[in-house]
Every structure is written in C-alpha cells, then in structure tokens.
Amino acid sequence: MSDLTKMSAAQLAKAIAGKEASAVEVAQAHLDRIDAVDERVHAFLHVDREGALAAAAAVDAGEVTGPLAGVPVAVKDVIATKGVPTTAASKILEGWRPPYDATIVERLRAAGTVMLGKTNMDEFAMGSSTEYSAYGATNNPWDLGRIPGGSGGGSAAAIAAYEAPLAIGTDTGGSIRQPGAVTGTVGAKPTYGGTSRYGLIAFSSSLDTPGPCARNVEDAALLHAAIAGHDWRDSTSIPQPVPDVVGAARLGATGDLSGVKLGVVKEFAGDGSEPGVLSAFHESLEALVKLGAEIVEVSCPHFQYALPAYYLIAPSEASSNLARFDGVRYGLRVGDDGNRSLEEVMSLTREAGFGPEVKRRIILGTYALSSGYYDAYYGQAQKVRTLITRDFEAAFERVDVLVSPTTPFVAFPFGSRTSDPYQMYLADLFTIPTNLYGGPAISVPCGLSEGLPVGFQVMAPTLADDRMYRVAAALESSVGTLTPPAL
Ligand code: GLN
C-alpha cells in the first residue's frame, strides 16, 4: 500500500499545499488502492477515474484552491453528482446521470476535494447492513464475511480500507454512525438542517441529514466544516453560522475535559447490548473521567418509543417521497409496449425496480397515512417525537452531552439479520432518538470486542455540534484510532 493512502485528510491537504505531493499522485494512489482491494470490499458502485484525475490536475495547476485542495473523497450514491451515475443502490435508478450537483457536492468541489466515485448503500438508504443494495453487499474490511453497517456501509468501508481518506454519508436513523461504529471509523450526523438536503434523494425528509465519515475526529470536523452551512435551496436549512467544529476537535485532542458533564442514558443500560460492547463503553467512560469529565446518570423515559415512532414516520415520508419513481421521469421503465395503460406501466416498473425492503416501507407508510388511520399512526408518532425532544431538552439542562454505545452489537455475519426485519431495525436502537430530536451525534471508535470495532456515541444539543467533536476527540486522544487487518 502506498503511504499516501495511509495519510489523514489533514496531512494530505498539508502535503499538497506544501508541494510535497501532487494532487494527481494522491488521486492515483487511491485509485490504485481501489483497483487492488475493491473487488473484495465492494465499497464503490461507480469509480470516476477520469473525473478524479481531471479535478486533481486542476488543483495542481492552481485553478482550484480551498482548505481540502487535492484531498480525495467518496460520496454515498444517494447524492446527486452531475453527469456521474447516481442510483441510490436501486434498480429503479439504474443508469441515471443527474443533470446537476447536490449543494454538498458543489461545496466539496469548492473546498478543493477530488471525488473518487460513488459508494454502495442499502437501497434508498433503508437498512443497516448494505445487504439491501440492488448491486450486492459491501464487505467489512475487518472481516470480509461480515456487514459494514448501513445504510452507508460503502462510505465507511471505503475509508476503513484506505480507498479514500474521507467520505460523505447520510443519516436518517443512524446510517452514518452505525457503519462508523462497526468499521472502526468516525461518523458524524450534524444538526438537522445544518447540512443541505438539496440534491439528496429523499428518504424521510424530516430526518435526512448528510454528514462526514473519516478515520479520525479532526478529519471528520474538517469535512463537516467544508459541507455545512445555510443553503437557500433547502427550506429546512438553518440560516445560522456553523459552530467551530474544527477548533472544538483540536481542543478535545488536548485531552482535557475538566468541567464537562456527560449524561449516561439510564434507559439504554443493558438494553440488548452485547457484553463486549458494554465493557468497551464502560472502559471509555473511565478514560473520560480520567480526562476530567463528570458522569451523571440521566433518565430519558420516552427513548423506548423511538424505534416504533421512527418506523411510522420514516416509512410514511418515504411512501410519499418514493411516489416520484413512476417509470416516467427517471431511470427504469418496464412494459411500455404501446398496449398498456400508464397505470400498468407504473405498477410493472415499481414491481421490478424496488427491492423487498423498499416495498415493505412503502406499504407500511401508505397504510400509516391512509384515511382513518393517520391520527392513530402518523399523528401519534409525531406526538411521541415531541416527547423524545423534551427528554433531550430536559437532559441538556443537567449535562453537556449524552453518551451511549453507538449500536448494541458489533459487525454481524451476512444473512444473520435479514429474515426478521425487526432484528435489523434494532441496529439503530441508540441512534434513532437523536434523529427524531434533530440534534447532532457522532460515533467514535472506542475499542474492540472479539477483534471487532465498537463505537461510542456522543449526542449534543441542536446547533452544539462543536461539543460532540470536543468529547469525541478527547476520547480518541485516550484510546487512539483503530487499524483493520491488512487486506
Ligand atoms: N437503518 C435505518 C433504516 O433502515 C436508518 C437508515 C438511515 O439512517 N438512512 O431506516
């Protein structure tokens, strides 16, 4: 493996700016690494070799500058990239090349990053393992027989396998954090509205949040800072300055947490977590106490209803958002032989184009929104959402951040959770409350359980994204980063 692929984003940006390495060399090293390992990892659905080398050449020519000039990045395939295939890992969008860039892709270019390609995911970001990708699963670089998490397993695996130093994910219920946890990488969900959804293929519009994936906390903060901030094209984008996440990560890295209060959620204790996950979590709490933090037990009584509320709200919004895939406007069209009605063509297209999990969500959501049931299901779930938000607000009057394991179990073997959807949904037990509330949360590696990575989650109040970076960087300064076995 070339040394360039081992470097952090911060180191690469510095080396390129100081002309110690050219952006083209850096891009080529990562493309070579993809050629060498991606057949085994399958993190990418599309590699844009020409685009990457051209973007890198523009950096070397001095035409593009920016804080991350020349640093490669991989982008989850649910985000629109102009002229570059974007499928959301669904057959229904096979071959679609968006005519425009998402706002965050524009910002990635403005920051000088070099996009290597599009990463694999569960179809339409519904899942926790990438096993629901229509193009085959991604394999976890720690153990190729295990899942890399989901839905953004491709983004997490790409950075864990040193195919890219940075990647973009999206988090609706945990899809950045849970893959981060099970691949030993860092994944952050910004405050909802802190990163633009313009150009993101919508799953659940009131929850979807793009964010950074990286191998260390400072790199995640650098990527966060590059993509965040108000966007007039997204009506839920927050018109406020982005907190200084990079400064907070650097402050945290000094390893001083004196005066910081960490709330441990009582209701999460022992809630189905594997023993190895719990012991890594408790060892991390001890490490944080040594850095000066104070641990406080807090009660969030409504968190236990988060999973059921999410599985009404997210499918309801998905059933409405996915109505646009009708065989007329984008991608796949089936049965249009001149003899069939529009309705028949739509129905044949959707039958052939959507996978089983996506169909399950559409059916669930359509039922929850149907006349006579709306108040009992969707309306009730929205009330629960308010109660969960109040739990967070009450907790943040007592503590600075909440902490928990990111996910109850380490990377599981393929096929072990696909027969019962509920078993798959449990992967997000600890991540979903934050999405319903809208605040930021990060997963940072905190140790191993039976040789597999465990993630530690830090949840902060809305718009206090800097706080979670500080605590995560402090933990990282104590436990270090994780390196998977050589591929
Ligand atoms: N695993 C969750 C789901 O299947 C969350 C997905 C996500 O965050 N995109 O809905």
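Owing to the predicted nature of the structure, the values given are computational and were not obtained by experimental measurement. Ligands are counted one by one from 1 in listed order, and the atoms in each one are counted from 1 as well. We use all heavy atoms of the structure for the numbers below, so side chains are in, but hydrogens, waters and symmetry mates are not.
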(message) Any non-hydrogen side-chain atom of V71 less than 4.5 Å from a side-chain atom of V114?
(response) no

(message) Is there a polar contact, in the sense of an N or O pair closer than 3.5 Å, between T172 and ligand 1?
(response) yes

(request) Taking only heavy atoms of A125 into account, list the atoms of ligand 1 that are under 4.0 Å away from them. (result) 6 (C), 7 (C), 9 (N)

(request) Any atoms of ligand 1 less than 4.0 Å from a non-hydrogen atom of S128? List them with their elements. (result) 1 (N)

(request) Return yes or no for this condition: an N or O of G150 is under 3.5 Å from an N or O of ligand 1. (result) no

(request) Provide the number and element of each atom of ligand 1 under 4.0 Å from a heavy atom of S151. (result) 9 (N)

(request) Could you list the atoms of ligand 1 found under 4.0 angstrom from a heavy atom of Y310? (result) 2 (C), 3 (C), 5 (C), 6 (C), 10 (O)

(message) Is there a polar contact, in the sense of an N or O pair closer than 3.5 Å, between M126 and ligand 1?
(response) no

(message) Out of the candidates T389, T462, D391, only one should pair with Y437 under the side-chain hydrogen bond (donor to acceptor under 3.5 Å, both in side chains) rule; please name it.
(response) T462

(message) Just to check, does G127 reach to within less than 4.0 Å of ligand 1 when the distance is taken from its heavy atoms?
(response) yes

(request) Determine the sole option in I388, T386, V384 for which the side-chain contact (heavy atoms from CB on, under 4.5 Å) test with H302 is passed. (result) I388

(request) Within a distance under 4.0 Å of any heavy atom of G173, pick out the atoms of ligand 1 and give their elements. (result) 5 (C), 7 (C), 8 (O)

(message) Starting from atom 7 (C) of ligand 1, what is the nearest protein heavy atom, named by residue and atom, and what distance separates them?
(response) S175 OG, 2.4 Å

(message) Contact between ligand 1 and R361 is defined here as a heavy atom of the residue under 4.0 Å from a ligand atom; is it met?
(response) yes

(request) Could you tell me whether the side chain of L68 reaches within less than 4.5 Å of the side chain of L166, counting heavy atoms only? (result) yes

(request) Check whether any side-chain N or O of R177 sits under 3.5 Å from a backbone N or O of T431 as a donor-acceptor pair, and report yes or no. (result) yes

(request) Anything under 30° is parallel, anything over 60° is perpendicular, the rest tilted; go ahead and classify Y373 against Y377. (result) parallel

(request) Could you check whether the rings of H224 and Y469 sit parallel, tilted or perpendicular, using 30° and 60° as the cut-offs? (result) perpendicular

(message) Can you name the atoms of ligand 1, numbered from 1 with element, that are less than 4.0 Å from a heavy atom of D428?
(response) 1 (N), 2 (C), 5 (C)

(request) Could you tell me whether F392 and F303 have their ring centroids closer than 6.0 angstrom? (result) yes

(request) Would you please classify the geometry between the F354 ring and the F124 ring as parallel, tilted or perpendicular, with 30° and 60° separating the classes? (result) perpendicular

(message) Against ligand 1, does Y311 come closer than 4.0 Å with any heavy atom?
(response) yes

